[in-house]
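For reference, the structure discussed in these notes is given below.
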Amino acid sequence: MDEKEREPEFGRAKPDNSDMETAREGESQSQPDQQLKDVEKVSSETGFEPIRPGADQRRLSIDTISTLRRERSNNGWGCDDIETDANGGTIAPYNHPGPEDHDPFEVGWDGGDSDPLCPRSFSIWRKWLIVAITSIGSFCVTNASASYTATYGQMNAEFETTRLVATLGLSTFVLGIALGPFWSPLAEFYGRRPIYLCSFAGFIVWLIPTAVAQNIQTVIVARFFQGLAGSAFLSVSGGTVGDLFTRETMLAPMAVFALAPFVGPSTGPVVGGLINMYTNWRWTHYVLLIWAGVLLLSIALFVPETYHPVLLKKKAQQIRKATGDDRWRAPIEKTTRSISKTVAYSLLRPFQILFFEPMALILNVYTAVLLGLLYLFFGAFPLIFSTNHGFNLWQVGLTFMGLLVAMVLACLSTPFWTKYRHSLVEKRRKETGVLKDEPEDQLPPVIFGAPLITGGLFWFGFTTYPEVHWIVPIIGSGVFGLGMSLAFTGVFTFLVDAYPRYAASALASNALVRCTFAAAFPLFGIQMYERLGFQWATALLAFVTLALLPFPYIFFRFGKRIRAKSRFATAT
C-alpha cells in the first residue's frame with residue numbers, strides 16, 4: 001500500500017465537504033526526507049502510525065462560519081467570534097491558517113470529521129442521545145420557570161404574602177437566565193461537559209432551599225440562583241448540536257433543540273397545576289429535584305466532551321506524551337485570550353450593539369415584547385379562565401396547549417422557510433449573476449409571523465367573554481404562538497447573519513432585553529387585566545405589537561443600506 005494512503009496525519013485536517021468552501025487539491029504533501037525519517041522513527045518506537053505534518057489545511061468561508069455561529073448560538077450565547085488571520089482571512093478556533101504560514105506541529109482532525117476522536121464521527125444513535133439529554137435539560141430549566149406559577153395559591157396562604165410578591169420568584173428566575181453569557185466563555189476554555197456538570201449540580205442545590213423554604217424571601221433569592229445555574233443549558237448546549245452534526249445533517253437536531261426551551265414554559269403550568277391540585281406545593285420543587293437528579297446522572301454517564309478545540313487539546317497532550325515532542329500543539333493552546341478579557345468582552349459588546357445598531361435594538365425590543373407577553377400570560381390565563389369558565393388549577397394549565405401546538409407547527413415549518421431562502425438566493429443570482437445570500441433573507445418568517453401575532457392577540461382578547469366557548473380564545477392564543485415562534489427564529493438568524501463577526505454578542509443583546517421584559521411583564525399583568533378588563537388589556541398589548549409590525553418588512557427592503565452605515569454589521 002502506498003504510504004500516502006496508510007499514514008494518518010495528526011497535524012492535518014483533511015478537506016471535508018460538510019463545512020469547506022474550497023479544497024486545495026494536488027498540493028505537494030512531501031516534506032524533507034530527513035524530517036520524515038525522524039518522525040517515522042519516533043512513531044515506530046511509540047506504537048503510533050507515522051505522523052507526517054501536512055500542508056493541506058481546512059479553511060472555512062465567511063458564510064460557512066456565519067452559519068455555524070448561528071447554529072451554535074441559536075438559543076443562547078457563545079463568544080468564539082470569527083477571528084481573522086494576518087492576511088485578513090477568516091479562521092475558526094479549530095481550523096488552521098493556510099499552508100504558507102502553517103505550523104507543521106499544529107494538531108488537527110485526521111481525515112476531517114471521520115477522525116475517531118471527532119464528535120461528528122459518533123454513531124447516529126449516540127449523537128441523538130446526547131441531543132436528547134441536553135434538550136431535555138433546556139426543557140427542564142424553562143419548565144421550572146413556569147411550573148412555579150401554580151404554587152401561588154398554597155404558598156401565599158402558608159407564607160401570608162401577596163400574589164405580587166410571589167411573582168417576584170418568577171421574575172428573579174428569568175433574570176438569572178439573562179446572565180447566561182457568564183457560562184459561554186468558560187465553556188470555550190474548559191469545554192462543555194464541565195459546565196453541564198457544574199451548572200446542573202448548582203441547579204439542584206438551589207432547588208433545595210425552595211422546597212424547604214420557611215419564608216418567601218428564601219424562595220425569591222433561591223429562584224434567582226436556579227435561573228443563573230440553569231441558564232448554562234440555554235447558552236451552551238446549542239453548540240453541542242453544532243459539534244455533533246454537519247450543516248447538511250443539522251436541521252432536524254437543531255429544530256428539536258430550538259423547540260425545547262419554548263415548550264418548557266408552555267407545559268410548566270400543566271405540570272405545576274397537576275401537582276398543586278392534588279398535593280402540597282413543595283412537591284413542585286421535589287419533582288424538579290428528582291427530574292434534575294436523573295438528568296445530572298444521564299449527563300455524567302452519556303454526554304462526553306464535544307467541543308472541538310478542547311478535544312484537540314487533549315489529542316495534542318496524548319501526542320506529546322507518546323512522542324516526547326513538546327512542539328505538538330492544538331490551536332486553543334496558542335490562544336492569547338484570557339478568561340477575564342473574554343468575559344469582559346462578552347458583557348460589553350451586547351450593550352454596544354444595543355446603543356449603536358438601530359436594527360438590532362428594534363428587533364430585540366420586538367422579541368422582548370413577545371417573550372414578555374408569554375410570561376404575562378402565566379398570570380392572565382388563570383385569571384381569565386378561572387373567572388369566565390370556572391377552570392380549576394390543572395384545567396388552567398391545559399389552556400397553554402394552544403401555545404404548545406403552535407410552537408410545534410412553527411418548528412415543522414422550518415424546511416419550508418429554508419427552501420424559500422434558497423429561492424431568494426436563486427432569484428438574486430438570475431438578476432445579478434452572483435450566487436449570494438443576504439442577512440435580510442432570514443426575515444420572511446418574521447414578516448409572515450408579525451400579522452399572526454397582532455391578529456392572534458386581538459382574537460384572544462375579544463373572545464374572553466363567559467358566553468364564548470373556551471376553545472375560541474385558546475385558538476387565538478395558538479395563532480399568537482405560531483407568529484411568535486416564527487418571529488423568534490427569523491430574528492435570531494438575522495442577527496447572526498447581519499453581525500457575523502459579533503454574532504454571539506448580538507444574540508446576547510437580544511437575550512438580555514428579552515429576559516428583562518420577561519421578568520418585568522408578570523409584575524404588572526394582573527393589575528392591568530383587573531383594571532382595564534380582559535378584552536382591552538389584551539387589545540392594548542396587541543396595539544403595541546401593531547406599532548412594531550412594519551419594521552421587519554422595512555428591514556427586509558432597506559436593511560442592506562442600513563448595514564452599509566453600521567460599525568458592527570456586515571456591509572455586503
To the closest 0.5 Å, what do you measure between [atom1] ([X]) and [atom2] ([Y])?
| X | Y | atom1 | atom2 | result |
| --- | --- | --- | --- | --- |
| M359 | I353 | CE | CD1 | 11.5 Å |
| T240 | I133 | OG1 | CD1 | 11.0 Å |
| S147 | W291 | OG | CH2 | 8.0 Å |
| K127 | T306 | NZ | OG1 | 11.5 Å |
| I299 | I130 | CD1 | CD1 | 11.5 Å |
| T463 | F458 | OG1 | CZ | 12.5 Å |

Sub-3.5 Å donor-acceptor pair from the side chain of [X] to the main-chain atoms of [Y], do we have one?
| X | Y | result |
| --- | --- | --- |
| H308 | C118 | no |
| T284 | Y148 | no |
| S135 | A132 | no |
| R193 | A300 | yes |
| T454 | P451 | no |
| R514 | A178 | no |

[X]: partners by ring-ring contact (aromatic ring centres under 6.0 Å, His included), with sequence neighbours left out:
| X | result |
| --- | --- |
| W459 | none |
| F521 | F517, F524 |
| F556 | none |
| F203 | F200 |

List the atom pairs, with distances to 0.1 Å, where a side-chain N or O of residues 476-488 and a protein N or O form a donor-acceptor pair under 3.5 Å, not counting sequence neighbours.
unit_1 : atom_1 : unit_2 : atom_2 : d
S477   : OG     : I474   : O      : 2.6
S485   : OG     : G481   : O      : 3.0

Item to check | Pairing residues for T538 by the side-chain hydrogen bond (donor to acceptor under 3.5 Å, both in side chains) criterion, not counting sequence neighbours | outcome: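 With sequence neighbours excluded, T538 shows a side-chain hydrogen bond (donor to acceptor under 3.5 Å, both in side chains) to Y529, given in chain and number order.
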Using the salt bridge (Lys or Arg N to Asp or Glu O under 4.0 Å) criterion, which residues pair with [X]? Sequence neighbours excluded.
| X | result |
| --- | --- |
| R126 | none |
| R557 | none |
| E440 | R563 |

Checklist entry - Parallel, tilted or perpendicular: which fits the ring planes of F355 and F351, with parallel below 30° and perpendicular above 60°? => result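 Judged by the thresholds at 30° and 60°, the geometry between F355 and F351 is tilted.
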Any side-chain hydrogen bond (donor to acceptor under 3.5 Å, both in side chains) involving [range]? Give me the pairs, sequence neighbours left out, ordered by first then second residue.
| range | answer |
| --- | --- |
| residues 357-374 | E357-Y499, E357-S566, N364-S509, N364-N510, T367-N510 |
| residues 261-270 | N143-T267 |
| residues 254-263 | none |

Checklist entry - Please walk me through it: do Y190 and Y307 pass ring pair (Phe, Tyr, Trp, His ring centres under 6.0 Å)? => result CA-CA 9 Å; Y190 302 112; Y307 189 46; over 10 Å; no
Item to check | Nearest heavy-atom neighbours spanning V446 and V491 | outcome: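 What the structure gives for the nearest pair is CG2-N, 3.7 Å.
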Next on the checklist: Does F462 have more than 12 heavy atoms from other residues, nucleotides or ligands lying within 6.0 Å of its CZ?
Outcome noted: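 Correct, the count exceeds 12.
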